[in-house]
Every structure is written in C-alpha cells, then in structure tokens.
Number of protein chains: 2
Amino acid sequence: MTSASIIGFAALKEEVRQRIASREWPPGSLIPNEQEIALEFGCSRSTVNRALRELAESGLLERKRKAGTRVALTPVRKATFSISIIRQEIERAGEKYSYLLIDRQHIKPPTLIQKLWRLGESDKILHVKSLHLGSSRPFALEDRWINTIEVPSALDADFENDSANEWLVKNAPFSHGEISFSSQNSTASDSKYLDVTEGSALLLLERSTWSNKIPITSVRLCYRPGYRLIATI
Amino acid sequence: MTSASIIGFAALKEEVRQRIASREWPPGSLIPNEQEIALEFGCSRSTVNRALRELAESGLLERKRKAGTRVALTPVRKATFSISIIRQEIERAGEKYSYLLIDRQHIKPPTLIQKLWRLGESDKILHVKSLHLGSSRPFALEDRWINTIEVPSALDADFENDSANEWLVKNAPFSHGEISFSSQNSTASDSKYLDVTEGSALLLLERSTWSNKIPITSVRLCYRPGYRLIATI
DNA sequence: TAGTGGTCTAGACCACTTG
DNA sequence: AAGTGGTCTAGACCACTAA
C-alpha cells in the first residue's frame with residue numbers, strides 16, 4: 001500500500017480517482033470500507049466519508065449501506081455547467097453588451113403554459129421578446145413568459161434598458177429549475193433578428209424556473225450559430 | 001424567528017432557499033454567520049456548514065472567510081445533467097437498442113488532435129464511426145478518436161457488437177472530461193445515416209475525456225432532430 | 001442481525017480576508 | 001488583529017439492507 005500519511009478529503013478524492021483510472025480498483029469492484037480507508041491514510045472516517053460521498057455524487061462510485069462502496073460499473077457521470085446572466089457571458093468574452101427590446105405584451109399565454117402554471121382561463125401574463133447583442137452582433141434571441149400572477153411587480157418594469165433576464169435575477173430569485181437543449185432550424189423571424197440565413201441550425205435552450213414550487217418564468221433562448229456551451233465532468 | 005428546533009442539513013438548505021426566495025434574505029445581503037444560524041436552529045456548526053457550503057457550490061450563496069456569507073447578487077447558477085451510455089439512454093426511453101459499426105480505421109489523426117494529444121507525427125490512432133439506433137430508427141451518429149498510444153488494448157476490440165462508447169466505459173475509466181454543445185446543419189453524410197433532410201438542425205455534442213491528464217478519447221455525437229437533453233438547476 | 005454508510009456533535013486548529 | 005469560513009477529529013447514534 002502506497003499511502004500518504006497526511007491527507008485531506010480533496011487529496012483523498014484524487015487518490016481514489018487514480019486508483020480507479022489505473023484499474024487498481026476496476027469498474028464494479030468493491031473498495032475497502034470507510035474505516036479501512038481511514039486507517040490506511042491515517043485520517044478520520046469523516047474525511048473518508050466526505051471524499052467518497054462526493055465521488056458518489058459525481059457518479060463515479062455507488063454506495064449502499066451494508067453492501068459497501070463499488071466503483072460504478074456503467075457510470076452515469078454528472079456534468080455541470082454555469083448559467084450566468086447573458087450580459088455577463090458576453091462581457092466575459094470581451095465583447096460589448098447591448099440589448100434590444102422587441103416586444104412586451106400583457107396577454108393570455110398559450111394553453112400549454114396556462115395549464116402548466118395552473119392559471120385561470122382569462123389570466124393575462126407578461127410576454128417579453130428581446131435580443132442580446134455582443135459588440136453589436138446578434139448573440140441570442142430571447143422569448144419569455146413571466147408569471148405576473150405570482151410576480152406582479154414585473155408589470156412595473158418596462159425592460160427597455162434592463163433585460164428581463166437581469167430583472168428577474170435581481171427581483172425574483174428562483175429555487176429550482178429545468179433546462180433543455182435542442183436544436184432547431186432558424187425560422188424567417190429568427191433569421192431576421194439573428195441576421196442569419198433562414199434554416200441555419202440554432203442551439204435552443206429552454207429554461208423554466210420555480211420559487212418554492214411556484215412557477216416564475218419560462219424562457220426560450222436561440223443562440224447564434226457557432227455558439228458553444230461548455231460543461232465539465 | 002420561526003425556526004424548527006430539530007433540523008438536518010437538508011432541511012436547513014431548504015429553509016435557507018425559502019428565505020432567499022421570499023426575500024427575507026434578499027440578493028446581495030449578508031446572512032448570519034454559521035455560529036448564529038446553528039444557535040437559531042439548535043444544531044451544530046458542522047451541520048450549518050454543510051448546508052451553506054452546498055448552497056454555495058450550487059451558486060446561490062457566496063462565502064468568504066471573515067467577510068461572511070452573502071446571497072449571490074447575480075447568481076451564476078450551476079446546472080447538472082447525467083451522461084450515460086447511449087444504450088442505457090435509449091433503453092430507458094423504452095426503445096430497443098441497436099448499433100451499427102460504420103467504419104473503423106487505424107490511421108493518422110487530424111492535426112488538431114495530433115497536437116492536442118501530443119502525438120508523434122507518424123503515430124496512428126483509432127478512428128471509429130458508428131450509428132446508435134432506437135427501435136431501428138437512427139438516434140445518434142458517433143465519430144470517435146481513441147488514443148491507442150495510451151490505450152493500446154482498444155486495437156484488439158473490433159467494436160462490431162459492442163460500441164466503442166460501451167467498451168471505453170468498461171475498459172478505460174476516465175477521471176475528467178469536457179463537453180460542448182452546439183448545433184449544426186446536417187451534412188449529406190449525416191443525413192444519409194440519420195435519415196433526415198439535408199440541412200436539418202442537429203444537436204452536436206463533443207466530448208473529450210482524460211484519465212489522469214492522459215487523453216483517452218474524443219467523440220462527436222450528432223443527435224437526431226427532436227432530441228432534447230435535460231438538465232436541472 | 002450484523003455490517004455498512006449517513007448524519008450529527010462538540011471541539012479544535014487553521015487559512016484567509018478585511019479593517 | 002480579529003472574525004469568519006474550511007477542515008479535521010473522535011465519537012456517537014441511526015437507517016438501511018444484504019445475508
């Protein structure tokens with residue numbers, strides 16, 4: 001056993017990752033229990049627990065009480081990526097952010113949203129359409145519904161200068177959300193705003209967010225061709 | 001102060017999320033320190049630490065020693081999604097998985113990969129092209145390079161029955177990776193295999209993985225139109 | 001029923017950062 | 001210099017589950 005005597009949970013995670021990568025602990029195998037690992041590395045069980053727990057959360061290990069800890073046989077790995085305000089994303093890329101409000105209406109939503117959000121049949125909510133630009137080039141087209149039944153103060157915002165994206169982040173923090181990625185050929189309307197050929201492949205991001213189970217907003221973002229979203233494993 | 005007296009780290013996380021959502025702790029504000037929260041909820045500082053640490057990891061809080069813990073002003077939220085073997089993904093959707101090997105060659109890679117992986121100029125590696133199908137309908141087109149300098153045993157696999165995807169998961173576990181999403185119009189070749197109109201918008205997923213800083217494989221997956229990848233916040 | 005991980009505690013020391 | 005979070009420890013009890 002090669003084992004450092006002084007070790008923290010982070011170093012231990014790295015060591016476990018290496019043992020798995022080197023196949024010293026091959027996929028599907030049972031690894032020593034927390035107590036034994038703690039003994040080997042001269043640290044406490046809490047430290048081992050944190051290291052193994054985090055590796056399990058990322059999908060590399062599978063843990064069961066009594067059965068012990070196994071290297072995942074067919075790992076369902078988890079990848080994470082950051083969602084920031086679009087302005088920040090553009091500015092981080094070193095470009096100048098600008099923003100254009102295309103449309104803002106207080107109207108009845110499509111049936112899908114009406115049912116999903118359990119709105120009354122005559123309830124009107126806010127629909128906002130806008131364009132985000134980086135160095136004056138179209139970056140992403142935003143189409144958003146805001147649940148003004150739950151966030152009535154959004155009706156007071158005109159979204160002329162600050163995007164709905166930004167307003168919501170600051171005024172209606174959400175607790176949970178769901179994002180879906182897909183792709184779609186650019187429609188005539190998309191093409192006009194994004195300044196691309198009709199039919200271009202666009203990356204489509206649809207996001208719904210809730211605050212304590214109350215729906216807040218649902219947004220559809222069409223990114224300009226060439227945009228890449230990066231995630232790490 | 002409304003506070004439960006018996007509480008675990010998970011309940012505490014939920015409580016903090018609610019206080020943020022309800023704007024009792026608005027964006028940018030300083031929240032009480034760990035000791036104070038522990039006192040309020042009648043638990044130990046360790047428990048508070050775990051709750052707040054995890055919320056900070058997910059981007060909702062910002063923590064600094066001495067400065068304390070703040071509700072993120074412009075939260076850079078983190079979303080996570082699972083990456084499983086394509087076979088599993090198809091089977092979970094209740095479809096029958098099948099697989100077609102299109103091409104397998106031991107050749108010199110493109111310059112980009114040669115440099116990125118620091119290969120010799122005459123090094124040959126493995127290139128595998130294949131199609132994943134769900135209930136006999138094309139699901140995703142896979143184009144993969146495998147670093148056989150580091151994983152020579154891949155040369156012994158013929159990938160006729162088991163996909164390279166699956167073989168690698170079981171034989172060359174990776175420790176880190178990067179994924180990028182983009183979209184692309186279907187080429188003539190893509191269209192042939194995926195059975196779609198040329199020019200259709202395809203979701204493109206490119207993934208590179210490493211095992212202890214050693215590049216293992218780089219894959220480009222083109223999903224059939226209509227495919228959605230879901231992530232949660 | 002016994003073994004394993006999951007959580008919690010009380011306390012400690014340290015690292016970092018702001019004033 | 002002092003206050004805060006970051007980590008670690010030794011120990012405890014509990015929850016789950018395979019045998």
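Numbered from 1 within each chain, the chains take letters A, B, ... in sequence-line order. The figures here come from the full heavy-atom set of this structure, side chains too, leaving out hydrogens, waters and symmetry mates.
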_Taking any heavy-atom pair under 4.0 Å as a contact, classify A:Ser46: base, sugar-phosphate, or nothing._
base
*Identify whether any heavy atom of B:Arg50 sits under 4.0 Å from a base atom; if not, whether one sits that close to sugar-phosphate; answer base, sugar-phosphate or nothing.*
sugar-phosphate
*asked:* Both A:Arg45 and A:Lys66 contact DNA chain D. Taking the nearest nucleotide for each, which residue is further toward the 5' end?
replied: A:Arg45
*5'-most contact on DNA chain D: B:Leu52 or A:Ala10, nearest heavy atom basis?*
B:Leu52
_Residues touching DNA chain C, which here means a heavy atom under 4.0 Å, drawn from residues 55-65 of chain A_ = A:Arg63, A:Lys64, A:Arg65
*Verify the distance criterion only: is there a donor paired with an acceptor across the side chains of A:Ser208 and A:Ser218 at less than 3.5 Å?*
yes
*Go through the structure and list residues passing salt bridge (Lys or Arg N to Asp or Glu O under 4.0 Å) with B:Arg65, not counting sequence neighbours.*
none
*How about B:Leu126 and B:Phe159: do any of their side-chain heavy atoms sit closer than 4.5 Å?*
yes
*Return the value, rounded to whole Å, for the distance between atom CD of B:Gln35 and atom P of D:dG3.*
12 Å
*Plane angle bin for B:Tyr99 and B:His132 - parallel if under 30°, tilted between 30 and 60°, otherwise perpendicular*: tilted
*Can you pull the contact range of chain B along DNA chain C, 5' to 3', using atoms under 4.0 angstrom from its heavy atoms?*
C:dT7 to C:dT18
*Residue pairs passing the salt bridge (charged side-chain N to carboxylate O under 4.0 Å, His left out) test where at least one lies in residues 149-164 of chain A, sequence neighbours excluded*: none
*For A:Gly68 and for A:Arg53, locate the closest nucleotide of DNA chain C by heavy-atom distance; then report the residue assigned to the nucleotide nearer the 5' terminus.*
A:Gly68
_Could you check whether B:Arg53 pairs with B:Glu34 (Lys NZ or Arg NE/NH1/NH2 to Asp/Glu carboxylate O, under 4.0 Å)?_
no
*Are B:Glu14 and B:Arg17 within salt-bridge range, i.e. N to O under 4.0 Å?*
yes
*Audit row: A:Phe139, A:Tyr227, ring pair (Phe, Tyr, Trp, His ring centres under 6.0 Å) steps and yes/no*: CA-CA 8 Å; A:Phe139 180 82; A:Tyr227 174 77; 5.5 Å; yes
*More than 12 non-hydrogen atoms from neighbouring residues, nucleotides or ligands closer than 6.0 Å to CD on B:Glu57, yes or no?*
yes
*asked:* Tell me the closest heavy-atom pair linking A:Arg70 and A:Gly28, and the distance in Å.
replied: NH1-O, 2.8 Å
_side-chain contact (heavy atoms from CB on, under 4.5 Å) against B:Ser46, all qualifying residues, sequence neighbours excluded_ = B:Ser44
_Applying a 3.5 angstrom cut-off to the pairing atoms, does DNA chain D sit in any stems of at least three consecutive Watson-Crick or G-U pairs? List them by first number._
C:1-18 with D:1-18
